[in-house]
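First comes the structure, then the notes that go with it.
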Amino acid sequence: MFASNLNKRVFKNVCIIESNAKIGAKIKVSGGAKCNITNELVSEKNYLGDRSLVKDLLKDFSKNETLEFLNKNGVKPNLNPKIVKGTYFCKSSQDVIDMFTKLTSHIKKYLNTKVLDISYENDVFKIKTNNKTIEAKKVVVSSGGLSYASLGASSIAFDIAKKFGHTIEKLEPALVGFTVQKEQFWFKNLSGVSTYVNTYVDGKKFEGSFLFAHKGCSGPVILTSSLYWKKGKLAIDFLPKTDLSKLLKGNKKISSALPFAKRFTSEFLNSIDLKDKAVSELSTEEKEKLELLKYYEFSPAGNFGYTKAEVTKGGINTDEIQHNNFESKKQKNLYFIGECLNITGELGGFNFQVSFSEAIRCARNI
Ligand SMILES: Cc1cc2nc3c(=O)[nH]c(=O)nc-3n(C[C@H](O)[C@H](O)[C@H](O)COP(=O)(O)OP(=O)(O)OC[C@H]3O[C@@H](n4cnc5c(N)ncnc54)[C@H](O)[C@@H]3O)c2cc1C
């Protein structure tokens with residue numbers, strides 16, 4: 001929780017309150033410790049929530065400005081579109097934390113200090129923590145969502161918002177793997193195997209790496225799909241760039257004709273109750289069964305939950321927040337930014353980008 005400004009003189013009386021012993025715990029683990037910090041192709045279409053607000057935010061503080069800011073401060077992310085198109089990764093996420101540590105060195109930090117409650121009396125906020133009560137004229141709540149409690153996440157932003165009369169749009173784990181029903185238990189036997197697929201979810205199509213997991217399925221394309229999944233069906237094209245009918249010609253066995261790891265083909269054939277045999281011997285009905293490789297529809301049982309979800313979808317209703325500075329419309333001098341708001345991005349650097357855009361707008365206009 002903090003109030004910040006780039007002008008050091010103005011902010012003698014600003015403090016950061018952080019329950020961890022160090023700042024930036026999520027930055028540290030992000031992007032496999034290389035912090036996927038923004039995305040070349042970012043647009044409001046990569047987000048759930050008020051897209052016109054997101055569009056405006058991205059215009060105000062764009063990915064170019066994020067990159068300029070980072071470059072100016074010695075962090076030089078590189079484009080690395082291997083996993084998700086347009087992604088910028090840093091050499092090490094520690095570089096980003098070091099940058100923020102340096103930039104905030106003049107600001108008083110209360111570390112190991114957990115905010116428990118906030119009240120407002122006589123134009124002053126009383127911030128009750130596990131150590132002491134801190135008084136403040138203005139409070140910016142940027143304590144994130146519910147994901148990864150092991151990194152310090154708590155419900156405090158939502159508790160404060162509710163206390164001051166805000167509406168919280170349904171909170172759910174997102175950017176997370178799916179658990180599966182018994183018809184898909186064959187996924188589990190392939191734990192660790194990955195393959196390139198297309199997914200179809202909520203009228204949208206995504207492409208990327210799909211990972212079979214001990215609990216079901218994961219991987220970048222599934223994490224993004226989870227943002228749009230609403231209890232129901234999801235479909236996978238396991239052969240996104242291939243015409244199946246062309247593969248099913250000739251005399252090869254199915255396992256040789258299909259471009260998959262043998263383990264994958266064997267588990268898949270078991271799951272549809274089909275023996276590995278020469279493709280020339282396949283009946284029309286058996287060929288139809290194999291068509292499932294192009295559109296494998298299933299209903300996930302659920303997801304891996306907040307312990308594994310990269311973000312929390314839903315959050316504080318952004319209609320109840322002033323869009324010019326993120327001040328609450330319900331309580332003056334109280335601000336909310338970051339993941340606690342009902343704006344959630346896909347996998348690929350989108351969540352950091354929008355959090356930066358919000359933080360900058362808040363800091364400039366507070
Ligand atoms: C494993 C993982 C990998 C990710 N990788 C990426 C990535 O590569 N790119 C990307 O764009 N996004 C990534 N994300 C998402 C991204 O980290 C978040 O969307 C972003 O950090 C949200 O910023 P925030 O400031 O709102 O919240 P946070 O970064 O969560 O910061 C909130 C801070 O508030 C503190 N806090 C919470 N409750 C209290 C309390 N009661 N008292 C005091 N302090 C409190 C927390 O300790 C935390 O330090 C990843 C998330 C995870 C979990």
Side-chain angles (χ1 to χ4, degrees), residues 1-2 4 15-39 42 46-49 63 66 77 80 83-84 86-90 92-93 96-97 100 104 109-118 127-132 134 139-160 173-177 218 220 223-224 227 304-313 315-316 326 335-360 362-363:
M1 237 156 282
F2 74 113
S4 135
C15 71
I16 293 173
I17 308 171
E18 168 57 59
S19 57
N20 287 328
K22 292 178 180 172
I23 62 163
K26 274 201 193 152
I27 295 175
K28 179 87 180 163
V29 300
S30 65
K34 288 186 186 293
C35 189
N36 172 198
I37 203 149
T38 187
N39 194 297
V42 62
N46 302 111
Y47 296 88
L48 279 186
K63 57 107 181 63
T66 298
N80 183 352
I83 298 174
V84 178
T87 49
Y88 278 95
F89 280 86
C90 302
S92 157
S93 51
V96 182
I97 296 172
F100 281 127
T104 58
K109 293 187 190 75
Y110 293 95
L111 299 174
N112 293 309
T113 304
K114 184 165 183 154
V115 174
L116 304 173
D117 190 21
I118 295 187
I127 307 167
K128 189 179 161 204
T129 76
N130 57 333
N131 292 326
K132 60 192 283 197
I134 299 165
V139 172
V140 180
V141 180
S142 59
S143 54
L146 302 176
S147 308
Y148 267 76
S150 57
L151 297 177
S154 80
S155 63
I156 193 70
F158 309 118
D159 300 341
I160 296 169
L175 305 194
V176 65
S218 185
L223 299 200
T224 285
L227 185 62
F304 298 174
Y306 287 117
T307 53
K308 294 272 190 267
E310 292 203 359
V311 292
T312 300
K313 109 172 145 180
I316 301 163
F326 290 94
Y335 302 76
F336 294 95
I337 53 170
E339 201 183 306
C340 65
L341 293 174
N342 182 27
I343 293 176
T344 318
E346 295 169 6
L347 185 86
F350 302 108
N351 286 295
F352 280 137
Q353 176 59 52
V354 79
S355 294
F356 294 148
S357 302
E358 291 162 11
I360 289 283
C362 176

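Just so it is clear, the values below take in all heavy atoms, side chains as well, and ignore hydrogens, waters and symmetry mates. Counting convention: from 1, in listed order, for ligands and their atoms alike. Values in this document were obtained by computation on a predicted structure and should not be read as measured data.
- In this structure, L175 has no heavy atom closer than 4.0 Å to ligand 1.
- Each side-chain hydrogen bond (donor to acceptor under 3.5 Å, both in side chains) pair with one or both residues in residues 26-35, not counting sequence neighbours, appears once here: K28-Q94.
- Which parts of ligand 1 touch N351 is read off a 4.0 Å heavy-atom cut-off, strictly below it: atoms 11 (O), 12 (N), 19 (O).
- Heavy-atom contacts of V29 reach the following atoms of ligand 1: 1 (C) (cutoff under 4.0 Å).
- Residue Y148 touches ligand 1 through its side chain alone, judged by heavy-atom distances below 4.0 Å.
- Proximity to F350 (heavy-atom distance under 4.0 Å) selects the following atoms of ligand 1: 11 (O).
- Here is the list of ligand 1 atoms found below 4.0 Å of a heavy atom in I156: 38 (N), 39 (C), 40 (C), 41 (N).
- Residues I118 and V139 are in side-chain contact: their nearest non-hydrogen atoms beyond the backbone lie under 4.5 Å apart.
- Residue V115 has at least one nitrogen or oxygen atom sitting less than 3.5 Å from a nitrogen or oxygen atom of ligand 1, judged on distance alone.
- Residue contact check: G338 has heavy atoms under 4.0 Å from atoms 26 (O) of ligand 1.
- Each of I16, I23, N20, I17 was compared with L111 under the side chain to side chain contact (heavy atoms under 4.5 Å, CB included) criterion, and only I23 meets it.
- The N20 neighbourhood of ligand 1 comprises atoms 47 (O), with distances under 4.0 Å to a heavy atom of that residue.
- Classification of the F350-Y47 ring pair by plane angle, with boundaries at 30° and 60°, yields perpendicular.
- Among S154, G31, A149, S147, the residue whose heavy atom lies nearest to atom 8 (O) of ligand 1 is G31.
- Residues S155 and L146 are in side-chain contact: their nearest non-hydrogen atoms beyond the backbone lie under 4.5 Å apart.
- Under a 4.0 Å heavy-atom criterion, G349 is in contact with ligand 1.
- In this structure, I134 and Y110 have side chains that are in contact, with non-hydrogen atoms separated by less than 4.5 Å.
- Contacts of I23 with ligand 1, taken as heavy-atom pairs under 4.0 Å, are absent altogether.
- Under the side-chain contact (heavy atoms from CB on, under 4.5 Å) criterion, L48 pairs with L227, Y228, K313, sequence neighbours left out.
- At least one donor-acceptor pair under 3.5 Å links the side chain of S147 to the backbone N or O of T312.
- Remark: among candidates K114, E310, E339, K28, the nearest residue to atom 3 (C) of ligand 1 is E310, based on non-hydrogen atoms.
- There is no side-chain donor-acceptor pair under 3.5 Å between T87 and N36.
- In this structure, a donor-acceptor pair under 3.5 Å is present between the side chains of K109 and T104.
- Interface atoms of ligand 1 facing V311, defined by a heavy-atom separation under 4.0 Å, are 15 (C), 19 (O).
- If you look at S142 next to ligand 1, the close heavy atoms, those under 4.0 Å, all belong to the backbone.
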